Amino acid sequence: MEAVVVDAGSKLLKAGIAAPDQSPPLVMPSKMKLEVEDQQLADGAVVEEVVQPVVRGFVKDWDAMEDLLNYVLYRNIGWEIGDEGQILFTEPLFTPKTLREQLVQLMFEKFNVSGFYASEQAVLSLYAVGRISGCTVDIGHGKIDIAPVCEGAVQHVASKRLEIGGVDLTNLFARELKKSNPSVNFDISDVERLKEQYACCTEDQLAFEAIESSCQPERHTLPDGQVITIEKERYIVGEALFQPNILGLEDYGIVHQLVTSVSNVSSEYHRQLLENTMLCGATASMTGFEDRFQREANLSASAICPSLVKPPEYMPENLARYSAWMGGAILAKVVFPQNQHVTKGEYDETGPSIVHKKCF
């Protein structure tokens, strides 16, 4: 059986048999509903509790993660107990060593995999567009990772992780909608859908300031029949990425963060990194975001203006959403046939620390 690739994010888990140039066959919420008995209710009464195994990119609940992977691998991928295959995981920037060791331990001791590999999402996203050097700006559900990559190696000293992401933009959108629709009780899942449908970026900061007084309201009917109006709120979501003070953060915008990260790498790599900049994550698909990012990049103080990588035509249109998984599918076709992965024998001999020697 071909290797399985798993990209477990805070909001969505992407998984499937390694198939380069294709979207992941399984995309499902990472959240789980846990049924627990409530001692305060009648005998046998069960209440549902929402559990999030992954929070801001990192696994926080290993029991829930085991249950989630059990469902994915045996129920969806088609593994059979006693006949498990090889698996490759994507890793966010700055994954702690202890979490890497816990993951490889879980895979060999609970799932009895025959081979394991893990690689950083920044590297994999570049692989998906045929690059081994460049800079990724990955706007995830719970974090933003900015990572310069030289010859397939993340430059950690120059990389940056911001503890904001799509969930914070959703909460911002909810607060703004509540201000203009005070009588409406918003469900956060409705807000998430509204954000995906309406959120967009203006051309620049001046255009954003002008839109605040000239935006035409648009009416929208929620699933429960309530009618709301959406005005400037749709633009504030994207603007927050360029003006983090909107989110209450005293920090620079996303383009400035990119240029600063690259400036901390040896100058000989600056051109190669900035001219191969890749935007990843669902938020990067927001209407107008790519144009705004490039426009701000052209105005940056850097001697070399960042320019965005255009994906090959044969890649799916939704590459930005699934680039780490797709890059993982490409890498899996290399590391497992060439025996570069962690084997069961190596794990048994060395233990979980083997992951740091074989996966880098």
Side-chain angles (χ1 to χ4, degrees), residues 92-94 121-122 125-126 129 131 133-150 154-166 168-169 172-173 195 199-211 234-267 269-311 319-321 323-324:
L93 197 61
F94 301 130
Q121 292 165 355
S125 291
L126 287 172
V129 291
R131 305 291 198 280
S133 296
C135 199
T136 59
V137 179
D138 187 351
I139 309 172
H141 182 64
K143 47 80 181 174
I144 297 175
D145 286 344
I146 300 176
V149 179
C150 298
V154 174
Q155 305 301 296
H156 291 102
V157 70
S159 299
K160 184 154 190 181
R161 173 186 166 98
L162 307 176
E163 293 283 328
I164 59 172
D168 303 285
L169 298 178
L172 170 66
F173 194 39
K195 185 187 74 170
C200 55
C201 287
T202 56
E203 291 184 0
D204 52 34
Q205 186 174 337
L206 287 177
F208 173 72
E209 292 169 356
I211 211 80
R234 74 179 69 175
Y235 297 101
I236 202 167
V237 173
E239 194 65 26
L241 293 168
F242 299 94
Q243 296 190 65
N245 62 294
I246 291 173
L247 285 165
L249 302 174
E250 293 184 8
D251 215 335
Y252 291 105
I254 197 164
V255 174
H256 189 283
Q257 299 280 8
L258 167 66
V259 173
T260 301
S261 288
V262 173
S263 69
N264 289 318
V265 180
S266 176
S267 59
Y269 294 108
H270 287 182
R271 180 174 296 279
Q272 188 177 26
L273 292 173
L274 289 173
E275 290 184 350
N276 291 281
T277 298
M278 185 175 179
L279 301 178
C280 316
T283 300
S285 303
M286 186 192 313
T287 302
F289 176 74
E290 186 175 309
D291 291 341
R292 172 69 179 275
F293 189 97
Q294 188 64 72
R295 188 174 285 106
E296 297 248 340
N298 292 339
L299 297 172
S300 70
S302 172
I304 307 163
C305 293
S307 55
L308 302 177
V309 173
K310 295 299 180 185
L319 174 68
R321 292 173 179 265
S323 57

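Small disclaimer: the values here were computed from a predicted structure and weren't measured.
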Looking at [atom1] of [X] and [atom2] of [Y], how far apart are the two atoms once the value is rounded to the nearest 0.5 Å?
{"X": "Leu279", "Y": "Leu308", "atom1": "CG", "atom2": "CG", "result": "5.0 Å"}
{"X": "Leu274", "Y": "Ser261", "atom1": "CG", "atom2": "OG", "result": "10.0 Å"}
{"X": "Phe289", "Y": "Ile139", "atom1": "CZ", "atom2": "CD1", "result": "3.5 Å"}
{"X": "Glu239", "Y": "Asn245", "atom1": "CD", "atom2": "CG", "result": "9.0 Å"}
{"X": "Ile164", "Y": "Leu247", "atom1": "CD1", "atom2": "CG", "result": "5.5 Å"}
{"X": "Gln243", "Y": "Leu241", "atom1": "CD", "atom2": "CG", "result": "11.0 Å"}

If only side-chain N and O atoms count, and only distance matters, is there a donor-acceptor pair under 3.5 Å linking Glu290 with Gln294?
no
Asp251 and Gln257: side-chain donor and acceptor closer than 3.5 Å?
yes
Taken in chain and number order and not counting sequence neighbours, the residues that satisfy side-chain hydrogen bond (donor to acceptor under 3.5 Å, both in side chains) with Ser266 are Glu268
Just to verify, what does Glu296 make a side-chain hydrogen bond (donor to acceptor under 3.5 Å, both in side chains) with, not counting sequence neighbours?
Arg292
Could you go through Leu126 and Thr136, starting from their C-alpha distance and side-chain angles, then the distance that decides it, and tell me whether this counts as side chain to side chain contact (heavy atoms under 4.5 Å, CB included)?
CA-CA 7 Å; Leu126 287 172; Thr136 59; 3.8 Å; yes
So, Asp168 side chain and Gly165 main chain: donor-acceptor pair closer than 3.5 Å or not?
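Checked: pair present.
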The complete set of salt bridge (Lys or Arg N to Asp or Glu O under 4.0 Å) pairs with one or both residues in residues 271-284, sequence neighbours excluded, reads Arg271-Glu275
Shortest non-hydrogen contact between Val154 and Ala147, atoms and distance
CG1-CB, 4.2 Å
Evaluate side chain to side chain contact (heavy atoms under 4.5 Å, CB included) for Asp138 paired with Leu93, printing each intermediate quantity in order.
CA-CA 10 Å; Asp138 187 351; Leu93 197 61; over 6 Å; no
Arg234 vs Ile211, test: side chain to side chain contact (heavy atoms under 4.5 Å, CB included). Steps then yes/no.
CA-CA 11 Å; Arg234 74 179 69 175; Ile211 211 80; over 6 Å; no
